[in-house]
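Only this structure's heavy atoms are used, side chains among them; waters, hydrogens and symmetry mates stay out.
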Amino acid sequence: MFKTIADCEVRSVIRFLNAKKVKPAEIHRQIVEIYGENEMTDGMVRKWVRQFNDGRTNVHDEARRGRPSVVNGGLVAKVSEKIRENRRFTIRMLFDEFPQISKTVLHEIVTNRLNYRKLCSRWVPKMLTDVHKTK
């Protein structure tokens, strides 16, 4: 089984198999067999088959409007490491460490991506604070 593959490569496989008149369910089965369960859902395979049948030839993502996301796995890991160094941090302190990221994005990383909540001036995982609510 392959470890990683770019989205455009999977779409190329879909385009090729679709041109050979392979059914979408079989295309999905083959992708899962070769690339793994998490590569692409059956619904996404069907979506791409429809687009190729409608005349699309490009397998690459189309350009999107707006600013690209600055949040990636490496950045989230760095923020998580800083939090573990000092649990009594503030978003402002994190902003001083990561000035390239806005305070809003930092807050989103801490609360939504890392799943932390402020409790008694210390950031703790939300799952630990939810236990106290049930009592």
Side-chain angles (χ1 to χ4, degrees):
M1 186 184 326
F2 291 95
K3 291 189 181 211
T4 59
I5 185 168
D7 289 342
C8 61
E9 293 177 85
V10 176
R11 294 175 198 149
S12 296
V13 169
I14 294 169
R15 184 173 174 215
F16 172 77
L17 292 173
N18 184 52
K20 290 184 74 171
K21 305 294 184 207
V22 176
K23 301 277 185 211
E26 177 60 19
I27 294 172
H28 181 256
R29 189 194 66 72
Q30 290 184 31
I31 288 172
V32 167
E33 179 183 320
I34 301 298
Y35 302 112
E37 191 78 29
N38 298 326
E39 190 57 48
M40 188 173 283
T41 64
D42 183 55
M44 286 303 292
V45 170
R46 292 177 188 282
K47 173 189 165 202
W48 281 101
V49 166
R50 267 193 314 275
Q51 288 186 15
F52 292 134
N53 288 340
D54 289 342
R56 181 174 179 155
T57 57
N58 187 0
V59 295
H60 298 284
D61 288 326
E62 294 176 350
R64 299 181 190 171
R65 294 181 52 204
R67 185 173 155 198
S69 175
V70 296
V71 179
N72 59 39
L75 181 60
V76 172
K78 288 177 184 176
V79 171
S80 179
E81 185 178 316
K82 283 292 177 188
I83 292 171
R84 279 186 256 118
E85 286 175 12
N86 175 16
R87 297 254 182 189
R88 294 182 183 265
F89 73 92
T90 63
I91 297 296
R92 183 177 295 274
M93 290 166 62
L94 272 181
F95 181 68
D96 292 341
E97 294 287 329
F98 302 98
Q100 72 275 18
I101 308 168
S102 73
K103 290 176 190 166
T104 305
V105 172
L106 282 169
H107 190 269
E108 188 270 330
I109 290 171
V110 170
T111 58
N112 296 337
R113 296 282 183 101
L114 296 175
N115 216 18
Y116 281 100
R117 173 182 292 155
K118 194 78 163 174
L119 180 69
C120 298
S121 300
R122 183 174 281 208
W123 288 91
V124 295
K126 285 182 183 175
M127 62 185 164
L128 295 178
T129 60
D130 290 341
V131 172
H132 299 292
K133 287 182 180 178
T134 60
K135 292 182 180 179

Considering all heavy atoms, the nearest M40-V45 contact: SD-CG2, 3.8 Å
Reported CD-to-CG distance for the pair Q100 and L106, which is rounded to 0.5 angstrom: 8.0 Å
Heavy-atom pair of closest approach, residues L17 and Q30: CD1-OE1, 3.6 Å
Non-neighbouring partners of K23 that pass salt bridge (charged side-chain N to carboxylate O under 4.0 Å, His left out), sequence neighbours left out: none
With sequence neighbours excluded, residues passing side chain to side chain donor-acceptor pair (under 3.5 Å) with R92: none
Side chain to side chain donor-acceptor pair (under 3.5 Å) partners for R11, two or more places apart: D61
For D7, all residues meeting side chain to side chain donor-acceptor pair (under 3.5 Å), sequence neighbours excluded: none
Sequence neighbours excluded and cut-off under 3.5 Å, please list the side-chain donor-acceptor pairs for residues 47-55, or say none.
from, atom 1, to, atom 2, distance (Å)
Q51, OE1, R56, NH1, 2.9
N53, OD1, N18, ND2, 2.9
N53, ND2, V49, O, 3.4

Nearest-0.5 Å distance that lies between atom SG in C8 and atom CZ in R15: 12.0 Å
Partners meeting salt bridge (charged side-chain N to carboxylate O under 4.0 Å, His left out) with E81 (sequence neighbours left out): none
Closest contact, heavy atoms only, D42 versus P24: OD1-O, 4.2 Å
Closest heavy-atom pair and its distance - F89, L94: CE1-CD1, 3.4 Å
